[in-house]
Amino acid sequence: MKLSRRRFMQTVAAGAAVSGWQLPIFGQSSQLNTLKIPELYYGDMRSGVNHYALTAQSGTVDFLPGLRTPTIGINGDYLGPTLRLMNGDDVAIAVRNQLGEETTLHWHGLHVPAKVDGGPAQIIAAGAEWNPQFRVSQKAGSFWYHSHMLHQTGAQVYRGLSGMIIIDDEDSSKLELPAEYGVDDIPLIVQDRRFNADGSFRYIGMHMDVMTGMYGDTILVNGTGAALFTPTTQRVRFRLLTAANARSFNFAFDDNREFQLIASDSGLLSAPVTLHHLELAPAERAEIVVNFSDGAPVKLVSLPLDANSPFTPQGMMRNMLPMNSTPIQILAIAPQSQLESRVEIPDQLAEIQRISASEAQHVRRFTLSMPMGMGMMNMRASGGRGQMGNMGNEFQINGKTMDMATINERVNMGDTEIWEITNDSMMMHPFHIHQGQFQILDRNGVPPPAAEMGFKDTLRVGPGETARIIMRFEHFADPETAYMYHCHILEHEDNGMMGQFTVS
Ligand code: C2O
Ligand code: CU
Ligand code: CU
């Protein structure tokens, strides 16, 4: 199979010249870099408690040839280790902050008490240590952790403060799925970044970077630019995590091969779903299984959003957004010549009880809006290069911007609720709720596709759409400490599109 390797190298060399690749190959060169795999971290079991030690620290990375980028990371220069947790385990995490600035660390998608959730109230001062403890109580899935510092989440995540969490449970460990981490079970933390000429990250250069959220022109996967992965097995499970600040991806392969979706945000689906492409917004995750037994080189790409997709920007946002109008290369894949054949994919993955709308005790309504005040007018007058400022009320939920002193909603412990989320703006917002998992009932009255029939913690709401989710609020009663709900475009979150709720 030397041939296919050579064909691959030709494909790669030609890749830079393929027109329509707006973000083609990293740094305009055809040089590929081996995909980095974040270290797997199982923790230290001591007297029945699994201990983890995480240090937020600063560092540097040579993302671009010959240039040094100042970064931050967890136990390293950029991103952090993959935390592996088991359902039912008691976990103690020591989070040390050596950043020289305040931060927080949030466990996105974990069903934990608000006090240890790592939201904007759980500030870790510079030099301090934070010691959350909790019991893992949820099904297997791919989750993540990231800074949730008020007004600074976007900047801190951009500089590197995030990582993956994998939860296993008894049922998932018995499933015949690719499960050897770093071999046939591969995390893909996908981000886009922009750089200054000196190699430093460029974060928010103009007002539009706030309006649309921060878009980059260079793709990093697990912190690797122009990444190359070499499968050694026929089937590979990819755990996709969109850890970009604002960009959505429409994942596909450049030869249009099919793949099986086995898990969405918050765990395994009831059965695999065969797809040719998969759209994921910031903070959404998916696990897919891809068959490489033909040995052919292929690229994981992001296709343009479908013009009539309900998530496509509308009206003037359509012209303003530099988003997703051309294909983007995410990952080059070159299978090695001998592929080990391993598992088949089971037909049944997990038991998912759909929650019926009739179980809800309460309906709450949320309207997401971008009132487009002075800031927007500045931006239009200056062709997108307007000054920052006047951005205080550009992003709202129910007409309000985030205020740490306001509890927006109070949920009764034990209730099942329907949250009806209306998007009254011209672009999609990925809406995320802390505390646990929900199911999507419908969008504009239409039930979601099979790919979204499992449990989730983040959902896309398209412009003009009303989506309904149903969620159980159980286990944790604490009238003092709030959970967050917010848009996961981090610049929207940082500028007000967030609210707080308690469960008691
Ligand atoms: Cu991914 Cu409120 O967080
Ligand atoms: Cu979260
Ligand atoms: Cu938003």
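What you see is a predicted model, and the numbers here were worked out from it, not measured in a lab. Order of appearance sets the numbers: ligands from 1, and atoms from 1 within every ligand.
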Arg472 vs Glu417, test: salt bridge (Lys or Arg N to Asp or Glu O under 4.0 Å). Steps then yes/no. CA-CA 6 Å; Arg472 297 192 174 112; Glu417 295 203 354; over 6 Å; no
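- Inspection of the environment of the Cu ion (ligand 3) yields the following protein N, O or S atoms under 2.8 Å: His429 ND1, Cys487 SG, His492 ND1.
- His207 is listed as a side-chain neighbour of Glu394, based on a closest heavy-atom distance under 4.5 Å.
- Here Trp107 and Tyr52 keep their ring centres 6.0 angstrom or further from each other.
- The aromatic ring centres of Phe251 and Phe249 sit less than 6.0 Å apart.
- Rounding to 10 degrees gives 120° for the angle at atom 2 (Cu) of ligand 1 between NE2 of His434 and NE2 of His486.
- Among Ile166, Leu110, Asn50, the single residue meeting the side chain to side chain contact (heavy atoms under 4.5 Å, CB included) criterion with Leu85 is Leu110.
- Exactly one residue among His434, His488, His108 makes a ring pair (Phe, Tyr, Trp, His ring centres under 6.0 Å) with His148. That residue is His434.
- Using a distance-only test at 3.5 Å, with no hydrogens or angles considered, no donor-acceptor pair links the side chain of Thr367 to the main chain of Asn398.
- Comment: Arg193 does not engage Asp217 in a salt bridge, judged by the lack of any side-chain N to carboxylate O separation of less than 4.0 angstrom.
- Ala243 and Val157 get closest at one heavy-atom pair: O-CG1, 4.2 Å.
- Inside a sphere of radius 2.8 Å centred on atom 1 (Cu) of ligand 1, the protein N/O/S atoms present are His108 ND1, His146 NE2, His488 NE2.
- Distance alone, capped at 3.5 Å, places no donor-acceptor pair between the Arg468 side chain and the Thr466 backbone.
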